[in-house]
Amino acid sequence: MPRYVDVILPLPLRETFTYELQPQCPTLPQVGSRVLVPLGNTKTYTGIVVRLHDEKPTYATKLVLEVPDEQPVVLPGQLRFWHWIADYYLCSLGDVYKAALPGTLKKVPAKPSAAKALPARETGDTRPGFPLTEVQQRAMEDIEEQWQRHNVCLLHGVTSSGKTEIYIHLMQKAIEEGKQVLFMLPEIVLTAQLTERLRRVFGDRLGVYHSRHTDRQRVELYRRMLSDAPCDIVVGVRSSIFLPFRRLGLLIIDEEHETSFKQQDPAPRYHARNAALVLAAQHGAKALLGSATPSLESYHNALCGKYGLVTLRTRFAGMQLPDIEVVDAQEMQRKKMMTGIFTPQLLAHIRHALEQRKQVILFQNRRGYAPVMECRECGWTPRCQQCDVSLTVHRSLSRMVCHYCGAVYDIPTVCPNCQGRDLSSRGYGTERIEQQLQRILPEARIARMDLDTTRSRQSYEQILHDFEQGHTDILIGTQMVTKGLDFDNVSLVGILSADQMLAQPDFRSYERAFQLMEQVAGRAGRKGERGHVLLQTRDAGNDIVHQVVAHDYEGMYRQQAEERELFHYPPFCRVVFVYLKHRNESVVESLAADMAALMRQIFGQRVLGPDTPPVGRVQLMHIRKLILKVELTAPMSAVRQRLLALQTQILGMKPYRAAQIYYDVDH
Ligand code: ADP
Ligand code: ZN
Ligand code: ZN
């Protein structure tokens with residue numbers, strides 16, 4: 001019997017820890033087993049065993065307190081995957097462990113939990129989906145043919161072309177062959193509408209893994225996946241890549257372009273699409289990426305032959321893509337014809353749709369009442385005390401909120417700078433738009449869908465249910481209304497302002513603006529008559545606006561790809577954002593300068609910055625950013641080693657001890 005175990009603890013520490021096994025330990029842990037271990041004088045943690053051995057460490061080891069389960073909870077394949085995540089995304093194994101296991105599996109169990117026997121499951125109760133149309137059938141055969149030569153295939157199919165039906169047929173085939181399927185979606189698309197559609201076909205061979213599920217539900221699914229009667233299909237969000245699969249044979253990622261697949265905070269800052277493709281490769285599984293507006297990365301990979309490509313150009317049942325009308329908001333403003341944010345054209349179309357008993361979706365990518373409050377006399381605007389950002393007014397809360405740290409403030413009635421009383425709101429959030437529209441159309445039944453109205457899963461599903469049942473005429477929302485929704489009766493979509501999306505200081509902002517607008521347009525006219533979209537903008541000459549009007553994805557791709565290649569941005573290189581944080585601004589300044597100099601010694605011209613990000617201080621921490629651009633062919637492990645060595649060197653310098661450095665790979 002080995003004497004020692006190396007374990008990962010749920011802490012942002014790079015190393016593993018070694019503990020000694022009690023000689024009379026009743027259960028011998030294995031690689032992947034949970035063990036209860038002490039740390040320091042008072043703390044007990046649940047660790048994951050990664051190695052058993054007899055090598056006595058140079059320091060005094062503590063004893064493993066308990067081995068709570070008979071069987072490992074993490075499979076060897078998962079550990080391999082954890083290592084890849086930690087390596088590639090420059091974080092610790094502890095960070096990965098924290099993200100990978102649902103809450104209570106990481107907690108110290110009150111008493112040893114015997115692995116529960118799960119009820120035997122019927123595997124007969126799948127029903128066929130809709131028969132595919134000829135076009136869909138051909139697309140499916142093309143995908144299978146592409147899989148002969150490529151492990152990954154991109155399905156570029158316009159909105160409502162029936163991609164979901166094709167997925168269902170592919171999943172059916174895979175499980176008949178005894179394979180497991182992982183079907184991934186961005187958080188917000190995983191609605192009751194879709195899960196019901198899948199459950200009707202797959203019954204309880206389907207498991208759903210969602211961050212809005214309770215921890216108990218997630219632990220239950222995790223344990224079921226470990227059992228000898230696991231789900232054949234898991235539909236899940238980002239974190240579903242961490243479930244224990246033993247025979248993963250097919251990976252499908254819908255809405256693969258969605259930026260929410262990228263985890264921002266905390267570490268691991270992984271990109272779930274890219275990580276899932278690595279997972280699939282480790283399992284020897286085939287992968288399908290689907291989107292009406294593919295990411296530049298995936299489309300590039302398809303064009304250069306790394307992925308297969310299958311295209312669906314027509315909507316199901318011969319429906320036409322919506323026609324898109326651009327309205328010049330600047331001109332309307334000059335002519336003093338605006339009612340708040342609404343052009344007369346949009347209001348006329350809304351009225352017409354309501355008269356026809358049709359429904360309307362209005363999209364504005366900004367929540368709250370107004371993004372800025374301003375004193376008309378001296379120009380003062382309220383800002384967060386902890387972050388360098390102006391506060392968003394929320395009338396429903398009668399408060400101002402910082403969207404970066406969540407701090408809440410009273411709305412002033414008097415300007416603290418000049419004592420003036422003329423404080424006005426500038427800009428439009430969804431809340432203000434709802435209020436304005438209700439005043440203009442008092443009879444209309446209006447609902448709002450944004451982060452503020454959907455805090456609970458019920459409220460989110462309720463809003464969608466009411467809209468689906470026709471209890472709501474107009475749905476106003478943020479990007480939440482752009483995705484995946486399949487309603488029959490929507491004849492009009494209004495994009496209230498394209499401008500703010502186009503003005504984002506990010507190299508992806510044009511791509512993203514195109515995707516959001518094309519996707520929200522895709523909600524119109526899915527059944528019945530052709531849909532209509534009104535796009536309000538003060539920048540009617542912008543190429544992106546023309547490309548949305550023409551549904552010209554390829555044109556958008558060509559133009560954006562050309563610029564990215566010219567200025568060295570993904571998909572033509574990899575970017576690693578290096579963030580440096582400190583409470584003291586002059587310290588972070590010199591830290592960033594020193595780090596930049598050291599990085600330039602190694603990476604030369606590949607280093608950009610330091611810069612102050614658009615919001616240069618969050619929660620009292622001053623932030624600076626460096627960008628490292630790495631050739632696609634460069635070995636990431638070497639880059640990682642050098643960055644981490646630099647980090648150790650620089651954080652070892654006295655003035656920088658309290659600083660934080662972290663990385664965002666493939667931002
Ligand atoms: P996408 O995923 O490409 O946006 P969906 O799969 O949601 O498209 O299909 C759009 C609509 O058309 C859905 O309501 C779907 O049920 C219907 N549909 C698509 N293909 C078929 C089919 N072969 N038979 C019947 N209905 C279909
Ligand atoms: Zn703040
Ligand atoms: Zn003032």
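Counting convention: from 1, in listed order, for ligands and their atoms alike. What you see below is based on every heavy atom in this structure, not just the backbone, and it leaves out hydrogens, waters and symmetry mates.
The closest approach between any non-hydrogen atom of Lys527 and ligand 1 is below 4.0 Å. The shortest heavy-atom distance from Pro131 to ligand 1 is under 4.0 Å. Heavy-atom separations between Gly157 and ligand 1 are all 4.0 Å or longer.
Taken to the nearest 0.5 Å, the CG atom of Leu464 stands 5.5 Å off from the CG atom of Leu485. A distance of 13.0 Å separates CZ in Arg366 from CD in Gln479, rounded to the nearest 0.5 Å.
Phe316 CD2, 3.7 Å is the protein heavy atom nearest to atom 17 (C) of ligand 1. For atom 4 (O) of ligand 1, the nearest non-hydrogen atom of the protein is Ser160 N, 2.9 Å. The nearest protein atom to atom 24 (N) of ligand 1, hydrogens excluded, is given as Phe130 CB, 3.3 Å; this is a heavy-atom distance. At the top of the distance list for atom 20 (N) of ligand 1, counting protein heavy atoms only, stands Gln136 NE2, 2.9 Å. Closest protein heavy atom to atom 16 (O) of ligand 1: Glu165 OE2, 3.6 Å. Counting protein heavy atoms only, atom 7 (O) of ligand 1 is closest to Arg197 NH1, 3.2 Å. For atom 2 (O) of ligand 1, the closest heavy atom belonging to the protein is Thr164 OG1, 2.7 Å.
Within the cation-pi definition used here (under 6.0 Å to the ring centroid, within 45° of the axis), Arg269 qualifies as a partner of Tyr662. Judged by a 6.0 Å distance limit and a 45° cone about the ring axis, Arg432 is positioned over the six-membered ring of Tyr428. In this structure, Arg273 forms no cation-pi arrangement with Phe261, as its terminal cationic atom is not both closer than 6.0 Å to the ring centre and no more than 45° off the ring axis.
What you find for Val481 and Leu362 is that their closest heavy atoms are CG2-O, 4.3 Å.
Take the Zn ion (ligand 3) as the corner point: the lines to SG of Cys415 and to SG of Cys418 open at 110°, to the nearest 10 degrees. Between Cys402 atom SG and Cys405 atom SG, the angle centred on the Zn ion (ligand 2) amounts to 110° (nearest 10°). Between the SG atom of Cys384 and the SG atom of Cys387, the angle centred on the Zn ion (ligand 2) amounts to 110° when rounded to 10°.
Residues Pro294 and Tyr553 have side chains in contact (heavy-atom distance under 4.5 Å, counting atoms from C-beta outward). Taking 4.5 Å as the limit, some side-chain heavy atom of Met480 sits within range of a side-chain heavy atom of Thr454. Side-chain contact check for Tyr579 versus Gln660: every heavy-atom pair is 4.5 Å or farther apart.
Side chains of Asp323 and His532: a donor on one and an acceptor on the other come within 3.5 Å.
With a 4.0 Å heavy-atom cut-off, ligand 1 is reached by no atom of Ala317. At a heavy-atom cutoff of 4.0 Å, ligand 1 is contacted by the side chain of Asp486 but not by its backbone.
Of all atoms in ligand 1, listed by their number and element, those nearer than 4.0 Å to a heavy atom of Thr133 are 23 (N).
Considering both main-chain and side-chain atoms, Gly162 comes within under 3.5 Å of ligand 1 through a nitrogen or oxygen pair.
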Chi angles and distances behind the side chain to side chain donor-acceptor pair (under 3.5 Å) call for Thr159, Glu518: CA-CA 9 Å; Thr159 52; Glu518 185 65 29; 5.4 Å; no

